[in-house]
Amino acid sequence: MLLHRVLTALVGVPVVLACIWFGPPWITLLAAAAAVIGVREAYRLLPAREPIPEDDDSGDTPLPLLLGGTWAVALVLAGELAVRPEDFGWAALGICIAGVIVAGLWMIAAWHGRRPITAACYLVLSPVYIGGALASATALRGIDGLPGLWRAKVEEPAPPISVPPHIEDDGLGEAFESVYQVSADDAGVWLLPDIIGSDFARELTVLTETGCWWLLLAILTVYAADTGAYAVGRLIGRHRMASTISPGKTWEGTAGGMLFAVIAAVVLGALFPLRLEIWHLAVIGVILGAVSPIGDLIESKIKRLADAKDSGNLFPGHGGMLDRLDSLLPSLIAVYILAAVSTP
């Protein structure tokens, strides 16, 4: 089991990091595929219907993956195409309204079973939650610029602008000055192109502007929280947090996960060009350390209702897609909100 987990992580983590680094369309394709697989697993976790009379050979109608998968992918694409957070919000709202209407029509026309309300909740909430969370990951690339509310108090001055004589003589000096001012401001902020002077430095600056550093911060901090919770819980965990939902989760492990999340957020924030102060990074770590176990408990409750150990068997030693995304889904939403409200 441990060997399977290690091998899966060695393959999966580089793929995810590569998709984040190269950006669209790879990160969008990865998020869309994860959304479809996650919705499929969620639909299959619909609890089995209660005992029925022997002469009743009918069964619950399977939930339509085409509807839920299309809904989730549409949200992911809305996050990818949105320029501003408000654009993403309005697009997501429109998609969800259309999805609810289609889901209601399907329930009326095609559903056969004894628990229509439960089935409707699974039908609607699965693509909204999974697709919306993964859409937050793709929408993070639209978070540009320096943090507005958390901007550092001291800004480095932009380097002086010198217009080449041949451009000044051609009457293009003003245009050159306005274009170069943007590059100069970026260089004054990150200093990488001027110090290194390489294509890698320029790509790194562009990566910062697309908000991918926020996504990396979220994923790595959640991974650190999960690792810390598991390690501390195994070592000193004594008091169970939710014995009826997840017997292995303890309050000591949760506290250890939060500590690891704070440390990871502060260290990564110092390494990444996010220009956040230490206490801001610590707050992000606390938020992610608190939100990630909530996602884990939600998925554990759904699996317990379905009497299932794992959401699937896609990843050897890890379970299904939802087993890998349980802590990350609500954390992505939280990070997107933090990035959106703190960036002009």
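These values consider heavy atoms only, across backbone and side chains, with no hydrogens, waters or symmetry-generated copies. Keep in mind that this is a model prediction, so the values were computed, not measured. Residue numbers count from 1 along this sequence.
The ring pair (Phe, Tyr, Trp, His ring centres under 6.0 Å) test applied to Phe88 returns Tyr336, not counting sequence neighbours. Taking the side-chain contact (heavy atoms from CB on, under 4.5 Å) definition, one finds that Leu30 meets it with Val16, Cys19, sequence neighbours left out. A search for salt bridge (charged side-chain N to carboxylate O under 4.0 Å, His left out) contacts involving Glu41 returns nothing, not counting sequence neighbours. Every residue two or more places apart in sequence or in another chain was checked for a ring pair (Phe, Tyr, Trp, His ring centres under 6.0 Å) with Tyr230, and none qualifies. Residues that satisfy the salt bridge (charged side-chain N to carboxylate O under 4.0 Å, His left out) test with Asp296, not counting sequence neighbours, are Lys249.
Considering every non-hydrogen atom in both Tyr43 and Gly68, the closest pair reads OH-CA, 3.3 Å. When all heavy atoms of Ala78 and Ile95 are compared, the closest pair comes out as CB-CD1, 3.8 Å. Residues Val76 and Ala35 come closest through the heavy atom pair CG2-CB, 4.3 Å. Nearest heavy-atom pair, Tyr129 versus Gly295, reported as atom, atom and distance to 0.1 Å: OH-CA, 4.3 Å. Here the closest non-hydrogen pair linking Ala218 and Leu328 is O-CD1, 4.4 Å. Between Ile245 and Lys301 the shortest heavy-atom distance is CG2-N, 3.6 Å.
In this structure, the side chain of Ser331 engages the main chain of Ser327 through a donor-acceptor pair within 3.5 Å. The backbone N or O of His112 sits less than 3.5 Å from a side-chain atom of Thr61, completing a donor-acceptor pair. A donor-acceptor contact shorter than 3.5 Å is absent between the side chain of Glu252 and the backbone of Val232.
Pairs passing the side-chain hydrogen bond (donor to acceptor under 3.5 Å, both in side chains) check and including a residue from residues 62-73, sequence neighbours excluded, do not occur.
Following chains of ILVMFWY side-chain contacts shorter than 4.5 Å, one cannot reach Leu271 starting from Phe260, and the two form parts of different hydrophobic clusters. Hydrophobic clustering (side-chain heavy atoms under 4.5 Å, transitive across Ile, Leu, Val, Met, Phe, Trp, Tyr) keeps Val100 apart from Leu93. Taking hydrophobic clusters as Ile, Leu, Val, Met, Phe, Trp and Tyr residues chained together by side-chain heavy-atom distances below 4.5 Å, Trp90 does not share a cluster with Leu81. Under a hydrophobic clustering in which Ile, Leu, Val, Met, Phe, Trp and Tyr are joined whenever their side-chain heavy atoms come within less than 4.5 Å, directly or via other members, Leu220 and Val15 fall into different clusters. Tracing side-chain contacts under 4.5 Å through hydrophobic residues (I, L, V, M, F, W, Y), one reaches Leu288 starting from Trp213; they form part of the same cluster.
Rounding to the nearest 0.5 Å gives a distance of 11.0 Å between OG1 of Thr28 and CG of Leu134. Within the model, atoms CG of Asp323 and NZ of Lys309 stand 8.5 Å from one another, a figure rounded to the nearest 0.5 Å. Summarising the geometry, atom CG belonging to Leu217 is positioned 9.5 Å from atom CG belonging to Leu338; distances are rounded to the nearest 0.5 Å. A distance of 10.0 Å separates CG in Leu65 from CD1 in Ile37, rounded to the nearest 0.5 Å. Atom CZ of Arg240 and atom OG of Ser246 lie 10.0 Å apart (nearest 0.5 Å). Taking OG1 from Thr254 and CG from Leu259, the interatomic distance works out to 12.5 Å, rounded to the nearest 0.5 Å.
Residues Leu63 and Trp106 are in side-chain contact: their nearest non-hydrogen atoms beyond the backbone lie under 4.5 Å apart. Taking 4.5 Å as the limit, some side-chain heavy atom of Thr118 sits within range of a side-chain heavy atom of Tyr122. Contact annotation: the side chain of Thr138 never approaches that of Leu215 to less than 4.5 Å [non-hydrogen atoms, C-beta and beyond]. Between Leu329 and Glu299 there is no side-chain heavy-atom pair separated by less than 4.5 Å. The shortest distance between side-chain heavy atoms of Ile130 and Leu322 falls below 4.5 Å. Using a 4.5 Å heavy-atom cutoff, the side chains of Leu276 and Ile284 are in contact. Taking 4.5 Å as the limit, every side-chain heavy atom of Pro127 sits out of range of all side-chain heavy atoms of Leu75.
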**Message:** Using the rule given for side chain to side chain contact (heavy atoms under 4.5 Å, CB included), can you reason through Ser311 versus Leu45, listing the C-alpha separation, both sets of side-chain angles and the distance that settles it, and then say yes or no?
**Reply:** CA-CA 7 Å; Ser311 63; Leu45 289 175; 4.1 Å; yes
**Request:** List the steps, then state whether side chain to side chain contact (heavy atoms under 4.5 Å, CB included) holds for Thr221 with Leu268.
**Result:** CA-CA 8 Å; Thr221 301; Leu268 293 172; 4.0 Å; yes
**Asked** Can Val36 and Val73 be said to form a side chain to side chain contact (heavy atoms under 4.5 Å, CB included), step by step?
**Response** CA-CA 7 Å; Val36 173; Val73 171; 3.5 Å; yes
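Around the CG atom of Leu66, the shell of radius 6.0 Å holds no more than 12 heavy atoms that belong to other residues, nucleotides or ligands. A 6.0 Å sphere centred on CG of Leu105 holds more than 12 heavy atoms belonging to other residues, nucleotides or ligands.
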